[in-house]
There are 2 protein chains.
Amino acid sequence: MAGQSRDNSQYTTDVTRKSEDTIDFEIIELLFFAYRDFTGDPDAILEKSGFGRAHHRVVHFVNREPGMTVADLLDTLKITKQSLARVLKQLIDSGYIRQVTGPEDRRQRMLYTTKEGQALARALAEPQSRRIADALAKTGPGAREIVKRFLVNMKNSAAD
Amino acid sequence: MAGQSRDNSQYTTDVTRKSEDTIDFEIIELLFFAYRDFTGDPDAILEKSGFGRAHHRVVHFVNREPGMTVADLLDTLKITKQSLARVLKQLIDSGYIRQVTGPEDRRQRMLYTTKEGQALARALAEPQSRRIADALAKTGPGAREIVKRFLVNMKNSAAD
DNA sequence: GAGGATATGTCAGCTTTGTTGACACAATTC
DNA sequence: GAATTGTGTCAACAAAGCTGACATATCCTC
């Protein structure tokens, strides 16, 4: 499988011909390692709280968009309401998130982080943010804008 | 909790002072969305094979480094051997991966993808590679090198 | 050659976090 | 008044991680 000694000397920079043979295993792999270690950062804090990564995501998004409804959160996380209910209930019972009946539509539950929830969200984000800042600094000036655009282009545009 | 009307007007653009107040929520979030949709790509293929993401990772890495041992794979994936055993056994029984007794150390099992395993690895990587290529193209020239360096800097350097 | 260390496999049970299906209830809308 | 919508909840199940314990074969050391 390694005998590709054709006359294509430096084809690696040619991205236009993305045939069957040119699969970007390198970036695929780097994404795996980067994300694995990135999500590993908050684990120590989560263990102390007795929470998992599912709780992390909920606290993060509610903190980022205060007043979002349960339906909003389900749409963001792309999980079922039964999955969400489990972790959300624990976070409410533990005093990290509170619910407010929707002012217009009283069926809705607007979600807010408490002071403790904000502190938790910040504590969890801190090592991740530091890792990102360090990586961007090492990568060079202008890296943030490029990386940001790349990540935006990587996610699905439509159903968000 | 929201009454922070001090005299700090425009501190948001100042990135040099990475104090408690400047957390990069934006990139954190983008990483989540990008990775979520990136890993969602192979799901359709995996479902047809009856495999999950754990199988995907195993096939990918064995395909990338033929002849790697079980210990190598455990170190790469950072999971326990009991977790690996489950999916590895299924992949061997299904004929996607085969084991060869180590030529020097006969306790070792060198892992190789079969022809079917290679085809599976390629099929799973293809949509992910396409997504990456599209995202890089949209981001602009030179993006690949910057993104690659960023990802390398994001992962833990030591224990790899 | 005996004994300890190493590489791998396996059994059993548990946890987290996702899933489907079904149903309840209040509030809104038609 | 009837249908729809937003949310909560019960029950069962699946994927994929974990710990602990133990077996076997092989290698390495004294």
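In what follows, every chain begins at residue 1, and chains take the letters A, B, ... in the order their sequences are listed.
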Name all pairs fulfilling the ring-ring contact (aromatic ring centres under 6.0 Å, His included) condition that reach into [range], sequence neighbours left out, sorted by first residue then second.
{"range": "residues 122-147 of chain A", "result": "none"}
{"range": "residues 103-147 of chain A", "result": "none"}
{"range": "residues 63-92 of chain B", "result": "none"}
{"range": "residues 65-110 of chain B", "result": "F51(B)-Y96(B)"}

Q.
Taking the nucleotide of DNA chain C with the nearest heavy atom to each, does Q82(A) or Q108(B) sit closer to the 5' end?
A.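 It is Q108(B) whose nearest nucleotide is closer to the 5' end.
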Q | Step-by-step salt bridge (Lys or Arg N to Asp or Glu O under 4.0 Å) determination, E26(B) to R144(A) | A | CA-CA 11 Å; E26(B) 189 180 24; R144(A) 189 174 195 283; 3.4 Å; yes
Q: Have a look at the helix from dG1(C)-dC30(D) to dC30(C)-dG1(D) and give the angle its two end axes make, five pairs each, rounded to 10 degrees.
A: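 Computed from the C1' atoms at both ends, the axes differ by 20°.
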Q) Looking at residues at least two apart in the chain, or sitting in another chain, which of them share a ring-ring contact (aromatic ring centres under 6.0 Å, His included) with F150(A)? A)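 Scan of F150(A) (ring-ring contact (aromatic ring centres under 6.0 Å, His included), adjacent residues dropped) gives none.
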Q: Return the set of residues passing ring-ring contact (aromatic ring centres under 6.0 Å, His included) with F25(A) (not counting sequence neighbours), or none when no residue passes.
A: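 Checked F25(A) against ring-ring contact (aromatic ring centres under 6.0 Å, His included); matches are H60(B).
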Would you tabulate the nitrogen or oxygen pairs shorter than 3.5 Å linking the protein to nucleotides 27-30 of chain C?
unit_1  : atom_1 : unit_2  : atom_2 : d
dA27(C) : OP1    : R106(A) : NH2    : 3.3
dT28(C) : OP1    : R106(A) : N      : 3.1

(Q) On the side chain of Q99(B), is there an atom forming a donor-acceptor pair with the base of dG9(C) - under 3.5 Å, no angle test? (A)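 Absent.
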[N] [atom2] sits how many Å from [X] [atom1], rounded?
{"X": "K78(A)", "N": "dT19(C)", "atom1": "NZ", "atom2": "C1'", "value": "17 Å"}
{"X": "D43(B)", "N": "dG18(C)", "atom1": "CG", "atom2": "C1'", "value": "12 Å"}
{"X": "L111(B)", "N": "dA7(C)", "atom1": "CG", "atom2": "P", "value": "14 Å"}

Q) When all nucleic acid strands are considered with a 4.0 Å heavy-atom cut-off, which category describes K81(B): base, sugar-phosphate, or nothing? A)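 Base contact.
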Q. So does T80(A) get a side-chain nitrogen or oxygen closer than 4.0 Å to the phosphate oxygens (OP1/OP2) of dT19(C)?
A.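 For T80(A), the contact criterion (side-chain N or O under 4.0 Å from OP1 or OP2 of dT19(C)) is met.
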Q | salt bridge (Lys or Arg N to Asp or Glu O under 4.0 Å) between D24(A) and R130(B), worked out | A | CA-CA 8 Å; D24(A) 201 338; R130(B) 188 191 313 281; over 6 Å; no
Q) How would you list all residue pairs meeting salt bridge (charged side-chain N to carboxylate O under 4.0 Å, His left out) that involve residues 63-73 of chain A, not counting sequence neighbours? A)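 Pairs touching residues 63-73 of chain A that pass the test: R64(A)-E29(B).
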Q. Of R109(A) and G102(B), whose nearest nucleotide on DNA chain D comes first from the 5' end?
A.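 This one resolves to R109(A).
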Q. Are E126(A) and R131(A) close enough, and set up right, to give a salt bridge (Lys or Arg N to Asp or Glu O under 4.0 Å), and what steps lead you there?
A. CA-CA 9 Å; E126(A) 218 254 356; R131(A) 179 184 291 267; over 6 Å; no
Q. Does the gap between the ring centers of F32(B) and F38(A) come in under 6.0 Å?
A.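 Here the rings of F38(A) and F32(B) have centres that are no less than 6.0 Å from each other.
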Report all interatomic pairs (protein N or O, nucleotide N or O of nucleotides 15-17 of chain C) with separations under 3.5 Å.
unit_1  : atom_1 : unit_2 : atom_2 : d
dT17(C) : OP1    : R53(A) : N      : 2.8
dT17(C) : OP1    : A54(A) : N      : 3.3

Q) Where is the tightest heavy-atom contact between F33(B) and K155(A), given as atom of each residue plus distance? A)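 That would be CB-CD, 3.7 Å.
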Q) Mind checking which nucleotides bracket the chain B contacts on DNA chain D, 5' to 3', with an atom under 4.0 Å from a heavy atom? A)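 On DNA chain D, the outermost contacted nucleotides are dA16(D) to dC27(D).
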Q) Listed by chain and number, what are the side chain to side chain donor-acceptor pair (under 3.5 Å) partners of R107(A), not counting sequence neighbours? A)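 Once residues adjacent in sequence are excluded, the partners of R107(A) under the side chain to side chain donor-acceptor pair (under 3.5 Å) criterion are D105(A).
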